[in-house]
Amino acid sequence: MTTVYIYPQQMLPAPEQIVAMTGSLAIIGTLDYIPVKLIFDNQSTTSVVLSISLDGGETLIAWKTFSGGETLILDDDIYSFPVGTIFYGTGDANGNFSISYTYINL
């Protein structure tokens, strides 16, 4: 009989990426790791358009408009954004936009 060992994967927090909205396009942050869980948090009182670049900033995809105070949690256990994905926000100068995520320590 063969013994099978299951090793749990260790999920670690990445540093929070947070920036104040200025009314112009602002870089929120770049993924340093492949995320497993992502939290997008519009901490302002007005809408913020979140854009994503997968090619170093050459092409921006306007991905989602967050209403004031809206939070979105993505549970990406199977599919995820790649390392190097850059997130941008455009919103009135009245609050922050935050992205927090966890990754698997391989």
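Predicted model, so just to flag it, every value in this text is computed and none were measured.
- Between Gln43 and Ile18 there is a side-chain heavy-atom pair separated by less than 4.5 Å.
- Side-chain atoms of Phe40 and Leu38, non-hydrogen and from C-beta on, do get closer than 4.5 Å to each other.
- Residue pairs meeting the side chain to side chain donor-acceptor pair (under 3.5 Å) criterion with at least one partner in residues 12-29, sequence neighbours excluded, are Glu16-Ser98.
- Side-chain atoms of Tyr79 and Leu74, non-hydrogen and from C-beta on, never get closer than 4.5 Å to each other.
- Counting all heavy atoms, side chain and backbone alike, Tyr33 lies closest to Ala14 at CD1-CB, 4.2 Å.
- Ring planes of Phe81 and Trp63: perpendicular class, angle over 60° (limits at 30 and 60°).
- In this structure, the separation between OG1 on Thr102 and CD1 on Ile34 is 12.5 Å, given to the nearest 0.5 Å.
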Which donor-acceptor pairs under 3.5 Å do side chains of residues 65-73 form with protein atoms, sequence neighbours excluded?
from	atom 1	to	atom 2	distance (Å)
Ser67	OG	Glu70	OE1	3.3
Glu70	OE1	Ser67	N	2.9
Glu70	OE2	Lys64	NZ	3.0
Thr71	OG1	Asp41	OD1	3.0

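- Put simply, the side chain of Thr85 reaches to within 4.5 Å of the side chain of Ile52, judged on heavy atoms.
- Linking Ile, Leu, Val, Met, Phe, Trp and Tyr whenever their side-chain heavy atoms come within less than 4.5 Å leaves Met11 and Val83 in two separate clusters.
- With hydrogens and angles ignored, the 3.5 Å screen pairs no side-chain donor or acceptor of Ser80 with any backbone N or O of Val36.
- Contact of the Asn94 side chain with the Thr46 side chain is registered, since non-hydrogen atoms from C-beta on lie closer than 4.5 Å.
- When hydrophobic residues (I, L, V, M, F, W, Y) are linked wherever their side-chain heavy atoms come within less than 4.5 Å, the members clustered with Leu25 are Ile27, Leu60, Ile86, Tyr88.
- The same ILVMFWY cluster, assembled from side-chain heavy atoms under 4.5 Å apart, contains both Leu54 and Tyr101.
- Going from atom CG of Asn96 over to atom OG of Ser44 covers 8.0 Å, rounded to the nearest 0.5 Å.
- In this structure, Phe87 and Thr30 have side chains that are not in contact, with every pair of non-hydrogen atoms separated by 4.5 Å or more.
- Put simply, the side chain of Leu12 reaches to within 4.5 Å of the side chain of Gln10, judged on heavy atoms.
- Considering every non-hydrogen atom in both Ala62 and Val49, the closest pair reads CB-CG1, 4.3 Å.
- With values rounded to the nearest 0.5 angstrom, Phe97 atom CZ is found 7.5 Å from Met21 atom CE.
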